[in-house]
**Q** 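Submitted below is the structure of interest, expressed as structure tokens.
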Amino acid sequence: MNRLKEVRKIKGLTLEEVSKDIGISIANLSRYERENIELKRETWIKLADYYNVPVAHLMGLPDGLIRYINRLGGMTYEALQDAIIQWAYERNIVSLKNTHKQFMKVSEELGELAEGINKDNQGQIKDSLGDILVTLIILSKDLDVDLLDCLRGAYDVIKDRTGKTINGVFVKETDLHK
């Protein structure tokens, strides 16, 4: 059973307030609270962001189960992204005002990756790649951009691209003739 009503009551909010703030009708919010229905991922995230709680908690998963799944590494990319965003919210990192600072964190982590590659340090390379992903996820939240949509869009652009790999670098067909 989800915890939507419980969390709303704890936060001292009415259905009308939540409806007005996040743009979901009162009727739908009430139905979401009463019935155990499938909500879209975006709706869970919107509600979790609004209430400032983890999506998994809002969905009603027991905290012990959430910790167990995390320990097993059984989280999907989407669940990891949600967990990182929640972590960042809990630490007041996500903010439009922090965009420049978060971009600098991305750049800092890129520098650490370069160092790891230069020194052929596999541990540093793996750590840096993970840190880059974390900082990009937080930056995308600051900018209100869905990182998975960006990735899908980039793939749609490159999936049918033709060209040639020269010295380990892919050069697209249109650039070969310049």
Side-chain angles (χ1 to χ4, degrees), residues 22-24 38-59 61 65-178:
I22 64 174
I24 296 176
E38 280 291 318
L39 299 181
K40 291 181 181 177
R41 180 177 173 271
E42 296 80 23
T43 304
W44 281 117
I45 292 170
K46 189 178 207 177
L47 288 162
D49 285 351
Y50 178 76
Y51 291 130
N52 197 26
V53 298
V55 172
H57 175 78
L58 199 59
M59 292 174 81
L61 292 178
L65 177 60
I66 295 166
R67 286 191 297 277
Y68 177 72
I69 291 168
N70 290 346
R71 273 199 319 273
L72 291 177
M75 296 178 78
T76 64
Y77 178 86
E78 290 85 353
L80 279 169
Q81 178 176 278
D82 293 345
I84 289 164
I85 291 168
Q86 183 59 40
W87 175 89
Y89 270 119
E90 289 168 359
R91 287 154 183 81
N92 296 316
I93 297 171
V94 177
S95 169
L96 188 56
K97 294 182 231 172
N98 289 342
T99 302
H100 292 90
K101 293 175 188 170
Q102 193 59 37
F103 178 75
M104 292 309 295
K105 285 299 290 179
V106 173
S107 300
E108 179 183 320
E109 299 302 343
L110 285 168
E112 291 182 19
L113 175 61
E115 179 183 44
I117 291 170
N118 286 338
K119 294 180 178 179
D120 195 25
N121 181 332
Q122 287 301 307
Q124 185 174 358
I125 290 168
K126 287 176 78 174
D127 182 63
S128 297
L129 286 169
D131 289 346
I132 290 166
L133 286 170
V134 167
T135 57
L136 282 173
I137 289 167
I138 296 169
L139 178 62
S140 71
K141 191 66 178 172
D142 283 345
L143 296 169
D144 196 27
V145 173
D146 185 321
L147 198 56
L148 288 174
D149 285 345
C150 296
L151 185 58
R152 286 183 199 99
Y155 177 70
D156 285 343
V157 169
I158 67 166
K159 69 181 178 189
D160 298 319
R161 186 173 279 166
T162 58
K164 189 175 184 183
T165 302
I166 302 172
N167 296 323
V169 176
F170 184 81
V171 180
K172 53 186 173 175
E173 188 72 33
T174 55
D175 291 343
L176 286 173
H177 307 289
K178 289 185 179 180

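Starting from 1, each residue takes its place in the sequence as its number. Computation of the quantities below employed the complete heavy-atom set of this structure, encompassing side-chain atoms and omitting hydrogens, waters and symmetry-equivalent molecules.
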**Q** Given L139, which of T99, V134, V145 fulfils the side-chain contact (heavy atoms from CB on, under 4.5 Å) condition?
**A** T99
**Q** Not counting sequence neighbours, which residues clear salt bridge (Lys or Arg N to Asp or Glu O under 4.0 Å) with D142? List them please.
**A** none
**Q** Would you give the length of the straight line joining atom CG of L151 to atom CG of L136, rounded to the nearest 0.5 angstrom?
**A** 11.0 Å
**Q** Quick test of your reading: applying salt bridge (Lys or Arg N to Asp or Glu O under 4.0 Å), list the pairs with at least one residue in residues 100-114, sequence neighbours left out, ordered by first then second residue.
**A** K105-E108
**Q** Checking Q81 now: which residues fulfil side chain to side chain donor-acceptor pair (under 3.5 Å) with it, not counting sequence neighbours?
**A** none
**Q** Residues two or more places apart in sequence or in another chain: which of them pass side chain to side chain donor-acceptor pair (under 3.5 Å) with E115?
**A** K119, Q124
**Q** Between atom CD1 of I93 and atom CH2 of W87, what is the distance when rounded to the nearest 0.5 Å?
**A** 4.0 Å
**Q** Can you tell me how far the CG atom of N121 sits from the CG atom of D127, to the nearest 0.5 Å?
**A** 9.5 Å
**Q** Could you tell me which residues satisfy side-chain contact (heavy atoms from CB on, under 4.5 Å) with L129, sequence neighbours excluded, listed by chain and number?
**A** L113, I125
**Q** Mind checking what makes salt bridge (Lys or Arg N to Asp or Glu O under 4.0 Å) contact with D131, not counting sequence neighbours?
**A** none
**Q** Can you list the residues that meet the salt bridge (Lys or Arg N to Asp or Glu O under 4.0 Å) rule with D156, with sequence neighbours excluded?
**A** K159
**Q** I'd like to check the side chain to side chain donor-acceptor pair (under 3.5 Å) partners of Y51; sequence neighbours left out, ordered by chain and number.
**A** none
**Q** First locate atom OG of S128, then atom CG of L133, and finally report the distance between them rounded to the nearest 0.5 Å.
**A** 11.0 Å
**Q** Could you give all pairs that pass the salt bridge (Lys or Arg N to Asp or Glu O under 4.0 Å) test and reach residues 47-58, with sequence neighbours left out?
**A** D49-K141
**Q** Are any non-hydrogen side-chain atoms of L47 and L39 less than 4.5 angstrom apart?
**A** yes
**Q** If you look only at distance, which donor and acceptor atoms sit under 3.5 Å apart when one is on a side chain in residues 165-176 and the other is two or more places apart or in another chain?
**A**
residue	atom	partner	partner atom	Å
E173	OE2	H177	NE2	3.0
D175	OD1	K178	NZ	3.3

**Q** Provide the closest heavy-atom pair for I85 versus V94 in the form atom of the first, atom of the second, distance.
**A** O-CG2, 4.4 Å
**Q** List for me each residue that meets salt bridge (Lys or Arg N to Asp or Glu O under 4.0 Å) alongside D160, sequence neighbours excluded, and say none if there are none.
**A** none
**Q** Using side-chain contact (heavy atoms from CB on, under 4.5 Å) as the criterion, list what pairs up with K97, not counting sequence neighbours.
**A** S95
**Q** List the atom of V53, the atom of Q86, and the distance in Å for their closest heavy-atom pair.
**A** O-OE1, 2.9 Å
**Q** Do other residues, nucleotides or ligands put more than 12 heavy atoms under 6.0 Å from the OH atom of Y89?
**A** yes
